[in-house]
2 protein chains.
Amino acid sequence: MKKAVEILNKSNIRPTLQRINILNVILKYKNHMSAEDIYKILQRETPTISRATVYNTLNLLSKNGILAEVITPDSVRYDYVEKFHHHFYCEKCKKVYDIHDEFSVPNIKKIDGHIVKNIQYCIVGICKNCLNGGE
Amino acid sequence: MKKAVEILNKSNIRPTLQRINILNVILKYKNHMSAEDIYKILQRETPTISRATVYNTLNLLSKNGILAEVITPDSVRYDYVEKFHHHFYCEKCKKVYDIHDEFSVPNIKKIDGHIVKNIQYCIVGICKNCLNGGE
DNA sequence: ACCTCTTTTAGACATTGTCTAAAATTATTA
DNA sequence: TAATAATTTTAGACAATGTCTAAAAGAGGT
């Protein structure tokens, strides 16, 4: 599985073992996980991984456009995005769903003098599954 | 300053002392504060106020449409909204700014089978003030 | 090898939010 | 009014999320 290494190299990010592992977790589970989720999964394999490394790496990958930060009411989730899409957050089960409907987001780089780095919809509600009583 | 009691009564929420105080803090400071901010301010006057009361009340007021929950990457902020507007979050100073530009938000009640309760933009970047070196 | 720069670690600390059982308050009924 | 029922608040433990720092480990260039 050399995809992670390629992705890192393309952005001139030194492909350390930790970074590869972190990216691989995201590529494998496609769950919109929080940093803590990713940290916990990695700890099972490599108990010495540091929380700071996970947070720093996720930040680095986001800054380089490799990951999208999905903002939810309870945490930031990370998503490896190949095709742009929106996200829906269920306030009951806390899951994030991809939304492929194409409503547009204004393409602004600056507003009222502030520099815009990231603009996204936060769509919050109760998901299909929870409406049916959860599982 | 519009009466907190009136606002509560109009929504049939029993105007207890704690609820009045909480709402008054929001009406007075127009700062897009987090629950913790509000809790800390109230503690100065009434040290016995409970964190749970603050969180429960903010929730109740939001559910009744009295307050808007502004979702940011680090916390939910509360805003007493008279006229609908958007928000900008500065990732450096953590401040939230009102944005009165009118780009529209899709008016959807349901998407992919999920019920939508709240849809808003998350606009993140560096604010005008921090660009000028902060204060 | 040596030196320098980058990266990771460990763990304390801070912030944000949830939960619960008991106490206090308010409303309702007898 | 007194007794009872329902609502609200409290205190504080607990949980989840995120930041920070100094020291150690690792990698690259000469």
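These numbers were taken from a predicted model, which means no experiment stands behind them. By convention in this document, chain letters (A, B, ...) are assigned in the order of the sequence lines, proteins followed by strands, and residues within each chain are numbered from 1.
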Among [options], which nucleotide sits nearest the side chain of [X]?
X	options	result
A:R19	C:dG17, D:dT9, C:dT8	C:dT8
B:V76	C:dT9, D:dT19, C:dG17	C:dG17
B:T48	D:dA11, C:dT7, C:dT9	D:dA11
B:A35	C:dG17, D:dT9, D:dT19	C:dG17
A:Y55	C:dG17, D:dG18, D:dT8	D:dG18

Note to self: Assuming nearest nucleotide by heavy-atom distance, tell me which of A:I13 and A:A52 is located more 5' along DNA chain C.
What the structure shows: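 Residue closer to the 5' terminus by nearest nucleotide: A:I13.
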Notebook entry, point to check: Between A:K83 and A:E102, is there a side-chain N and carboxylate O pair less than 4.0 Å apart?
Noted result: yes
For atom [atom1] of [X] and atom [atom2] of [N], their distance in whole Å:
X	N	atom1	atom2	answer
B:Y39	C:dT18	OH	C1'	14 Å
A:N9	D:dA27	CG	P	15 Å
A:I71	D:dT17	CD1	P	16 Å
A:N59	C:dT6	CG	P	18 Å
B:N21	D:dT9	CG	P	11 Å
A:L17	C:dT8	CG	P	9 Å
B:L58	C:dT18	CG	C1'	14 Å
B:K94	C:dT16	NZ	C1'	13 Å

Checklist line | Main-chain N/O of B:S34 paired to B:D37 side chain as donor or acceptor, under 3.5 Å | finding: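 Yes, because the side chain of B:D37 sits within donor-acceptor range (under 3.5 Å) of the backbone of B:S34.
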Notebook entry, point to check: Does B:Y39 use its side chain to pair, donor to acceptor, with the backbone of B:A52 at less than 3.5 Å?
Noted result: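 Checked: no pair found.
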Assign [X] to base, sugar-phosphate, or nothing according to its heavy-atom contacts below 4.0 angstrom with the strands shown.
X	result
A:T53	base
A:Q18	sugar-phosphate
A:R14	sugar-phosphate

Note to self: Which heavy atom of A:T72 sits nearest to which heavy atom of A:R77, and what is that distance?
What the structure shows: CG2-CG, 3.7 Å
Notebook entry, point to check: Between B:R51 and A:R77, who's closer to the 5' end of DNA chain D by nearest nucleotide?
Noted result: B:R51
Note to self: In terms of relative ring orientation, are B:H86 and B:F103 parallel, tilted or perpendicular, with 30° and 60° separating the classes?
What the structure shows: parallel
Check: When you check the phosphate oxygens OP1 and OP2 of C:dT6, does a side-chain N or O of A:T16 lie under 4.0 Å from one of them?
Finding: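 The answer is no; no side-chain N or O of A:T16 sits under 4.0 Å from OP1 or OP2.
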